[in-house]
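Have a look at the structure below, then the notes.
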Number of protein chains: 2
Amino acid sequence: MKIDPKNKADLSAQIAKAIRDAIISGDMNVDERLPSESELADQFEVSRSTVREALKRLAAQNLIRTQRGATGGAFVRRLSYDEAYAQHITTSTLLLSMNAVDFETACEARFALERACAPLSSARRTPDHLATMRAEIHRQAQPGLSDERFCDSDVAFHRALVDGAGNPVLSYQLAGAVEAMQPLMNMITFTQRNRDVIIGLHTRIADALEMQNSADADTALAELTAYTLTLGEEAMEARARR
Amino acid sequence: MKIDPKNKADLSAQIAKAIRDAIISGDMNVDERLPSESELADQFEVSRSTVREALKRLAAQNLIRTQRGATGGAFVRRLSYDEAYAQHITTSTLLLSMNAVDFETACEARFALERACAPLSSARRTPDHLATMRAEIHRQAQPGLSDERFCDSDVAFHRALVDGAGNPVLSYQLAGAVEAMQPLMNMITFTQRNRDVIIGLHTRIADALEMQNSADADTALAELTAYTLTLGEEAMEARARR
DNA sequence: GCTGTCTAAAATGTCAGACAATTAAACGCG
DNA sequence: CGCGTTTAATTGTCTGACATTTTAGACAGC
């Protein structure tokens, strides 16, 4: 392993890239140990500090883990669903907030994707998923629930819907769309009337999934999309007036 | 800013987390400058090396950029779509390969999501999107095209379909599902007969989008899903026999 | 006053060397 | 054989130095 001496970029970035490429291309397998920091420093002909900075970059991307001690070192890490989930949600949320994505676009994306899950979820949802949905609906109906908690519960309900499809890849990809909407949803003030409508639609969705009636689920989701969009518009208008 | 001295984790990880939280929570705005490395070292009461390792972690997540020179330093970075795309694709691909996700699951997720885009794409696709699809279909029909190139073109076709929906959030979320399938698709040997069927379905999809007939697009996509699944199964069987 | 040049300062990037902390294996001893 | 102890390997942290890059400001000349 050598690096391009002509390249102007940071050495630590170049080294990180070289190792990253080796991992991604499959040259290195999960749990395989990288050479020690000193060995890498020798190989790349840089100091140990530079190697360390490169390794920290990889650690930040969950590509490696490090262990101290005699048999320690840096090991190629198996990317876990949970970590990827968390990272995906963080990135999606940042992407939306930093680029000022409008409510409409995010909302449309979210519900389009959710509707894609509905048929699968109606076929495969387990009693567990249904129970979670019912529990969240119940929670949403509780008096005195803050807007923020209402949103939390809303996300939990929809996550159960998505997970009901029993496809982890689907759940992963949708996590970004559903959770990243939350900051935008939190701008909305939910009146009791708003909540009643949403709870009604949630109930229809849960009923449809329980009956494995995917057409009804789709209809209710479509209505929920439209309703959420109007709520969002109102919130944006109210925000603009202030 | 202080860090928990009781915590056993790496100092650089703790410091990275502290700064990351400040950025994500919105305490720091885009292009705002962080204190210099020496100042951070003083604030957190650690050495400059440790601060640097923390900053490299953040740089790896595209949260900051650094500039050298008198007015240089670390600045909060606006996360760009392109970078987020690239990262999302890398992560999704790794997630699938490292966790041995089966072809069926990935395929189901991909096409379920694509079908969610079809109605929007049929309403909004521009002549550009249609032209890209036609061009890729043409490319797929070229004789002597390697399997890998065929897959590349397939991905480009589907990306145009998704982008046709004109919703960047949708494009972003789907990029992971579509592109991450590529390594799995590359395991398949596409006979001329296979290719003809796929090209036929692609043509039907492009025609349907051009006519803004979303029902036809959905039907063709459903058929393509089923066909891809059978191809995948055959490939897995052939792989198992060897 | 304007302009171009030079210099100093500030900041990141890199290096070398040291020591601390941790861990597992090797070793010795009863 | 079993059980502490030592030892070696490795990462984590610190210190100080120097290189490189970039800008602001001083300064000279017109």
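Proteins come first, then strands; the chains are lettered A, B, ... in the order of their sequence lines, and each starts at number 1. Here the structure is a predicted model, which is why all the values come from computation and not from measurement.
Candidate nucleotides dT13(D), dC14(D), dT22(D) were compared by shortest atom distance to the side chain of Val46(B), and dC14(D) ranks first. Comparing dC14(D), dT14(C), dA8(D) by their nearest atom to the side chain of Ala70(A) picks out dA8(D).
Side-chain atoms of Arg48(B) stay outside donor-acceptor range of the base of dG16(D), with no qualifying N/O pair under 3.5 Å. Scanning atom types as modelled, one donor and one acceptor separated by under 3.5 angstrom connect the side chain of Arg68(B) and the base of dT20(D).
Straight-line distance from the CZ atom of Arg65(B) to the P atom of dT22(D): 14 Å, rounded to whole Å. Here the C1' atom of nucleotide dA21(C) and the CG atom of Asp10(B) are 12 Å apart, to the nearest Å. Distance, Arg52(A) CZ to dT14(C) C1': 15 Å, rounded to whole Å. One atom, NZ of Lys56(B), and another, P of dG12(D), lie 17 Å apart when rounded to the nearest Å. One interatomic measurement links the two molecules: CD of Gln14(A) to C1' of dG13(C), which rounds to 12 Å at whole-angstrom precision. Atom pair Glu39(B):CD and dA11(C):P shows a separation of 6 Å (rounding to whole Å applied). If you measure from atom CD1 of Ile64(A) to atom P of dT11(D), you get 10 Å, rounded to the nearest angstrom. Between Phe75(A) atom CZ and dA24(C) atom P there is a gap of 10 Å when expressed in whole angstrom units.
Checking side-chain atoms of Asn29(A) against main-chain N and O of Glu32(A) turns up no donor-acceptor pair under 3.5 Å.
Listed pair Thr66(B) / dG13(C) meets the phosphate criterion, a side-chain N or O lying under 4.0 Å from OP1 or OP2. One finds no side-chain N or O of Ser36(A) lying less than 4.0 angstrom from the OP1 or OP2 phosphate oxygen of dA9(D). Distances shorter than 4.0 Å separate none of the side-chain N or O atoms of Ser12(A) from OP1 or OP2 on dG13(C).
Between His88(B) and His88(A), the two ring planes are parallel [angle under 30°; tilted spans 30° to 60°]. Taking the six-membered ring for Trp and thresholds of 30 and 60 degrees, Phe150(A) and Phe190(A) have ring planes inclined between 30 and 60 degrees apart.
Across the interface with DNA chain D, nearest-nucleotide mapping of Gln67(A) and Ser49(A) shows Gln67(A) to be the residue nearer the 5′ end. Where Glu37(A) and Ser47(B) meet DNA chain D, the nucleotide closest to each residue was compared, and Glu37(A) sits on the side nearer the 5' end. Comparing Arg33(B) and Thr71(A) by the nucleotide of DNA chain C that holds the closest heavy atom to each, the one mapping nearer the 5' end is Arg33(B). Comparing Gly69(A) and Ala13(A), the nucleotide of DNA chain C nearest to each residue sits closer to the 5' end for Ala13(A).
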| field | Step-by-step side chain to side chain contact (heavy atoms under 4.5 Å, CB included) determination, His158(B) to Phe111(B) | value | CA-CA 10 Å; His158(B) 287 279; Phe111(B) 281 105; 4.1 Å; yes
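In this structure, CG in Leu63(B) is found 7.5 Å from CG in Leu79(B), a value given to the nearest 0.5 Å.
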